[in-house]
Amino acid sequence: MLLIDTFERGGYQTWDYPNLSFGGNFVCQGEENPLGTWDLNMRMLFNVLEVARIHELDKVFFPSSIAVFGEDAPWVNTPNNAFLNPATVYGMSKAAGEQWAQYYFLRYGLDVRSLRYPGVIGYQSLPGGGTTDYAVDIFHKAVLEEEFVCFLNEDTTLPMIFMDDAIRATMELMEAPKKNIKIRTAYNLAGSSFSPEDIVTEIRNYYPEFKVKYEPDFRQDIAARWPKSISDVEASLDWGWKPEYDLKRIVSTMIEKLKEQYIPHE
């Protein structure tokens, strides 16, 4: 059974539907069952849009992803209006979802807003095996002083964002005046772009003996089709978005918080 949870915050209703959320592991899992993934993601989206339309909800949030981009998009500072030719079914479902979000706004006046999340880094949950989840797992291994095996090449640069920034961006988008929302597909969202070797360099400031080896798998092929960095100038201009966490702050915060979890009495 598919469940849609709703809660009120700040005077409007927010719909939380996990199958269309941050879940980066769906990029990889989706390739194992393409038709099932398409059906699940699209059916869930239509359920939300239709309920919101029928009950005249004030606002709806649809989380998209940088997975909407493919090899034809510029790899550096990918613009918001770049051509979308995703190479995964997850990315295809997100690209289609953006068009449906815009359709419901134009056809029914439903205030649907969306962000294209990059890889999300946080200490609150364990990595799920997604293409960008190496950037979470690596911190767990460092704090535990274990060797880390990276499934991406050391120089694979990808757009990332810290969880606190991702949450704040979502709330700021949803709280912005309706007149400020100029893009009705999805806004690009950027935090900080870096590669595995960039993270390792920073981590070794805390753990000089941290060991890493690189064994790229199928996720390297997925990552190779994604942008290296994202331009979010429209988000900045339209509703004032500005990230607060760069790589140095991400690394220091992740290590601090994970040490509290793993070594509470240090």
Kindly determine whether Trp241 and Arg168 satisfy side-chain contact (heavy atoms from CB on, under 4.5 Å), including the steps that lead there. CA-CA 9 Å; Trp241 163 246; Arg168 182 171 57 84; 3.4 Å; yes
Please walk me through it: do Phe62 and Leu49 pass side-chain contact (heavy atoms from CB on, under 4.5 Å)? CA-CA 9 Å; Phe62 167 64; Leu49 292 176; over 6 Å; no
Leu189/Arg116 under side-chain contact (heavy atoms from CB on, under 4.5 Å): CA gap, chis, key distance, verdict: CA-CA 6 Å; Leu189 183 67; Arg116 291 172 180 155; 5.7 Å; no
Passes side-chain contact (heavy atoms from CB on, under 4.5 Å), Thr132 versus Ile121? Steps please. CA-CA 8 Å; Thr132 58; Ile121 300 176; over 6 Å; no
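In this structure a side-chain-to-backbone donor-acceptor pair under 3.5 Å is present from Thr170 to Ala166. Side-chain atoms of Arg204 come within 3.5 Å of backbone N or O of Phe210 as a donor-acceptor pair. No donor-acceptor pair under 3.5 Å is formed between the side chain of Asp133 and the backbone N or O of Pro127. Side chain of Asp137 to main chain of Gly128: no donor-acceptor pair is present (N/O by atom type, distance under 3.5 Å, no hydrogens or angles). Of the possible donor and acceptor atoms, one in the side chain of Arg113 sits under 3.5 Å from a partner among the backbone N and O of Leu173. Between the side chain of Lys59 and the backbone N or O of Met174 there is at least one donor-acceptor pair closer than 3.5 Å. In terms of modelled atom types and a separation under 3.5 Å, the side chain of Thr185 and the main chain of Glu98 share no donor-acceptor contact. Of the possible polar contacts, one joining the Ser229 side chain to the Asn77 backbone as a donor-acceptor pair under 3.5 Å is found. Judged purely by atom type and a 3.5 angstrom limit, Arg184 uses its side chain to pair as donor or acceptor with the backbone of Val112.
Inter-residue side-chain proximity for Ile255 and Tyr207 is flagged as met; some heavy-atom pair is nearer than 4.5 Å. Residues Phe162 and Met254 form a side-chain contact, since some pair of their non-hydrogen atoms from C-beta on lies under 4.5 Å apart. In this structure, Leu258 and His140 have side chains that are in contact, with non-hydrogen atoms separated by less than 4.5 Å. With a 4.5 Å cut-off on side-chain heavy atoms, Tyr117 and Ile66 do not count as touching.
With hydrogens and angles left out, the side-chain atoms of Thr253 and Tyr123 include no donor and acceptor closer than 3.5 Å. For the residue pair Tyr108/Glu50, the side-chain donor-acceptor check at 3.5 Å is not satisfied. Residues Asp198 and Ser195 bring a donor and an acceptor atom of their side chains to less than 3.5 Å of each other.
Put simply, Phe105 and Trp100 are part of two different groups of oily side chains (I, L, V, M, F, W, Y) that touch within less than 4.5 Å, one to the next. Linking Ile, Leu, Val, Met, Phe, Trp and Tyr whenever their side-chain heavy atoms come within less than 4.5 Å puts Ile199 and Leu126 in one cluster. One hydrophobic cluster holds both Tyr262 and Val251 under the rule that ILVMFWY side chains link at heavy-atom gaps under 4.5 Å. Cluster annotation: Tyr134 is connected to Phe218 through the hydrophobic network of ILVMFWY side chains, with a link wherever side-chain heavy atoms come within less than 4.5 Å. Both Met92 and Phe46 sit in one connected hydrophobic cluster of ILVMFWY residues. Membership requires side-chain heavy atoms under 4.5 Å apart, directly or through other members.
In this structure, CG in Leu115 is found 10.5 Å from CD1 in Ile183, a value given to the nearest 0.5 Å. Atoms NZ and CG, from Lys182 and Asp238 in turn, are 5.0 Å apart once rounded to the nearest 0.5 Å. Taken from OG in Ser93 to CE in Met44, the straight-line distance is 12.0 Å, to the nearest 0.5 Å. With rounding to the nearest 0.5 angstrom, the CG atom of Asn33 is 9.5 Å from the CG atom of Asp39. Between the CG atom in Asn41 and the OH atom in Tyr90 there is a gap of 7.0 Å [rounded to 0.5 Å]. Between Asn188 atom CG and Ser236 atom OG the span is 12.5 Å, to the nearest 0.5 Å.
Judged by a 6.0 Å distance limit and a 45° cone about the ring axis, Arg249 is positioned over the six-membered ring of Tyr245.
Taking a cutoff of 4.0 Å between a charged side-chain nitrogen and a carboxylate oxygen, Lys242 and Asp165 do not qualify as a salt bridge.
Contact detail for Arg225 and Ala87: the closest heavy-atom pair is CD-CB, 3.3 Å. Heavy-atom minimum distance, Ala67 versus Trp226: CA-NE1, 3.7 Å. Across all non-hydrogen atoms, the minimal contact from Tyr214 to Pro196 is CE2-CB, 3.9 Å. Scanning all heavy atoms of the two residues, the minimum distance from Val68 to Pro86 falls at O-CD, 3.3 Å. Here the closest non-hydrogen pair linking Ala176 and Ile181 is CB-CD1, 4.0 Å. Across every non-hydrogen atom of Pro227 and Pro74, the tightest pair is CB-O, 4.4 Å.
Few gaps surround CD on Gln124; more than 12 heavy atoms of other groups in view lie less than 6.0 Å from it.
Every residue two or more places apart in sequence or in another chain that forms a salt bridge (charged side-chain N to carboxylate O under 4.0 Å, His left out) with Lys248 is listed here: Glu202.
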May I have the list of side-chain donor-acceptor pairs in residues 142-160 shorter than 3.5 Å, sequence neighbours left out?
{"unit_1": "Thr156", "atom_1": "OG1", "unit_2": "Asn153", "atom_2": "O", "d": "3.3"}
{"unit_1": "Thr156", "atom_1": "OG1", "unit_2": "Gln220", "atom_2": "OE1", "d": "3.0"}
{"unit_1": "Thr156", "atom_1": "OG1", "unit_2": "Gln220", "atom_2": "NE2", "d": "3.2"}

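Note: Trp239 and Tyr187 meet the aromatic proximity criterion, with ring centroids under 6.0 Å apart.
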